[in-house]
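Have a look at the structure below, then the notes.
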Amino acid sequence: MSAETVSAAAPMVRAERVCKNFGALRVLKGITLEVRRGEVMCLIGPSGSGKSTFLRCINHLEQVNAGRLYVDGDLVGYEEKKGKLYELHPRVAARQRRDIGMVFQHFNLFPHRTAIENVIEAPTQVKKLPKAKAITRAKELLDRVGLADKADTYPAQLSGGQQQRVAIARALAMDPKLMLFDEPTSALDPELVGEVLGVMRELAADGMTMVVVTHEMGFAREVADQLVFMDGGVVVEAGVPREILSNPQHERTQAFLSRIL
């Protein structure tokens, strides 16, 4: 088997007994899971269950206290020598992170820059892409998220749903191999949720590997390949979304879904 075949067969994300503490608080207690290439995994669970923390560990915005996380076969944030982990230099970790797009609950756009200026910022500053090429690419991405006519509009003049779609275009501008979404619709008015989920559905249809923390069970049912229910810092139940949502096996999953469905 060639190296290329092995690489293609390897999961995009592999977590092995990942633990994360904040002082005495144990937030993640040994998370083990895999996300295959081109797959959409949705993480659900009550507030405080560790979903967002796990997402932030994937791109080393949070350091793990134990276990290992791999993205595209590379150990995230660390290098291993003789069985011991050594944290990567911040510049090296930042190079890893630029291959992972992340969309947050709050849009975090630069308020003093237009939509297109927000989208070209990282490619020109981090990847040193010529500005003309970055602008061409940004126009394509804004068109892709349905905002071609808002390129010169400032965030304050956009709705929440439009701002979140600019944030998605901004993440895509770095040509990531993996997209992470941390409750991307929870700050939106209900009538604006659909436009953001529509963009995410298109990304999934195009084969983007995605890990999504969400409370949108309809999206999870329709789009996700895997559904993972977390509670108390552990994976309680995982499997095919339709099966878990219609017939959860664990009483903790049953109790959670009975409150939100």
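Without hydrogens or angle criteria, Glu183 side chain to Gln105 main chain gives no donor-acceptor distance under 3.5 Å. Side-chain N or O atoms of Thr185 include none that pairs as donor or acceptor with a backbone N or O of Leu188 at under 3.5 Å. Arg252 contributes no side-chain N or O that, together with a main-chain N or O of Val236, makes up a donor-acceptor pair within less than 3.5 Å.
Put simply, CD1 on Ile244 and NE2 on His250 are 12.0 Å apart, with the number rounded to the nearest 0.5 Å. Taking CG of Leu55 as the start and CE of Met102 as the end, the distance is 4.5 Å to the nearest 0.5 Å. Between atom CZ of residue Arg37 and atom CG of residue Leu178 there is a gap of 10.5 Å, rounded to the nearest 0.5 Å. To the nearest 0.5 Å, atom CD1 of residue Ile100 and atom OG1 of residue Thr209 are 11.0 Å apart. For the atom pair CE (Met200) and CE (Met210), the distance works out to 4.5 Å, reported to the nearest 0.5 Å. In this structure, Leu197 CG and Glu195 CD are separated by 9.5 Å, a value rounded to the nearest 0.5 Å.
Under the side chain to side chain contact (heavy atoms under 4.5 Å, CB included) criterion, Arg17 pairs with Thr32, not counting sequence neighbours. Taking the salt bridge (Lys or Arg N to Asp or Glu O under 4.0 Å) definition, one finds that Glu16 meets it with Arg14, sequence neighbours left out. For Lys177, the side-chain hydrogen bond (donor to acceptor under 3.5 Å, both in side chains) partners are Asp72, not counting sequence neighbours. By the side-chain hydrogen bond (donor to acceptor under 3.5 Å, both in side chains) test, Thr214 pairs with no residue at all, sequence neighbours left out. When the side-chain hydrogen bond (donor to acceptor under 3.5 Å, both in side chains) test is applied to Ser49, the partners found at least two apart in sequence or on another chain are Lys51. Residues meeting the ring-ring contact (aromatic ring centres under 6.0 Å, His included) test with Phe104, sequence neighbours left out: none. For Phe229, the ring-ring contact (aromatic ring centres under 6.0 Å, His included) partners are Phe256, not counting sequence neighbours. Annotation: side-chain hydrogen bond (donor to acceptor under 3.5 Å, both in side chains) contacts of Asn59 (sequence neighbours excluded): none.
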Is there a side chain to side chain contact (heavy atoms under 4.5 Å, CB included) between Leu172 and Leu203 once you walk through the steps? CA-CA 10 Å; Leu172 292 173; Leu203 288 177; 3.7 Å; yes
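At a threshold of 4.5 Å between non-hydrogen side-chain atoms, the residues Met174 and Pro123 count as touching. A 4.5 Å side-chain heavy-atom check between Phe54 and Leu33 finds at least one atom pair inside the cut-off. By the 4.5 Å heavy-atom criterion applied to side chains, Gln96 and Val71 are not counted as neighbours. At a threshold of 4.5 Å between non-hydrogen side-chain atoms, the residues Gln164 and Val199 do not count as touching. Proximity of Ile44 to Met217: side-chain heavy atoms (C-beta onward) are separated by under 4.5 Å at one or more points. Using a 4.5 Å heavy-atom threshold, the side chains of Val196 and Ile168 count as touching. Residues His60 and Leu69 fail the side-chain proximity criterion, which asks for heavy atoms closer than 4.5 Å. Residues Leu158 and Phe107 fail the side-chain proximity criterion, which asks for heavy atoms closer than 4.5 Å.
In this structure, Arg36 places its CZ atom where only 12 or fewer heavy-atom neighbours from other residues, nucleotides or ligands lie under 6.0 Å away.
Val235 and Met41 fall within a single hydrophobic cluster, where Ile, Leu, Val, Met, Phe, Trp and Tyr are joined by side-chain heavy atoms under 4.5 Å apart, directly or via other members. Taking hydrophobic clusters as Ile, Leu, Val, Met, Phe, Trp and Tyr residues chained together by side-chain heavy-atom distances below 4.5 Å, Leu109 shares a cluster with Leu192. In the hydrophobic clustering of ILVMFWY residues, with side-chain heavy atoms under 4.5 Å counting as a link, Val193 and Phe181 come out together. Linking Ile, Leu, Val, Met, Phe, Trp and Tyr whenever their side-chain heavy atoms come within less than 4.5 Å puts Val213 and Val18 in one cluster. In terms of hydrophobic clustering, with Ile, Leu, Val, Met, Phe, Trp and Tyr side chains grouped at heavy-atom distances under 4.5 Å, Val35 and Met230 are assigned to a common cluster.
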Taking distance alone, no hydrogens or angles, what donor-acceptor pairs closer than 3.5 Å link side-chain atoms of residues 137-150 to residues at least two apart or in another chain?
| unit_1 | atom_1 | unit_2 | atom_2 | d |
| --- | --- | --- | --- | --- |
| Arg137 | NH2 | Asp175 | OD1 | 3.0 |
| Arg144 | NH2 | Asp206 | OD2 | 2.7 |

Could you pull out all donor-acceptor pairs under 3.5 Å where a side-chain atom in residues 73-82 meets a protein atom, sequence neighbours excluded?
| unit_1 | atom_1 | unit_2 | atom_2 | d |
| --- | --- | --- | --- | --- |
| Tyr78 | OH | Val64 | O | 3.4 |
| Glu80 | OE1 | Arg68 | NE | 3.2 |
| Glu80 | OE2 | Arg68 | NH2 | 3.1 |

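The heavy-atom pair separating Pro184 from Val103 by the smallest distance is CB-CG1, 4.3 Å. Between Ala169 and Val119 the shortest heavy-atom distance is O-CG1, 3.9 Å. Pairing each heavy atom of Ala224 with each of Pro241, the nearest pair is O-CG, 3.4 Å. Closest approach of Pro111 and Pro155 over heavy atoms only: O-CD, 3.8 Å. Of all non-hydrogen atoms in Cys57 and Leu28, the two that sit nearest each other are SG-CD1, 4.1 Å. Of all heavy-atom pairs between Pro46 and Asp231, the closest is CG-OD1, 3.3 Å.
Sorted by first and then second residue, the side-chain hydrogen bond (donor to acceptor under 3.5 Å, both in side chains) pairs involving residues 20-29 (not counting sequence neighbours) form an empty list. Within the structure, side-chain hydrogen bond (donor to acceptor under 3.5 Å, both in side chains) contacts touching residues 116-127 (residues at least two apart or in different chains) are Arg113-Glu121, Thr114-Glu117.
Between Gln249 and Glu237, the side chains place no donor N or O within less than 3.5 Å of an acceptor N or O (distance only, hydrogens not considered).
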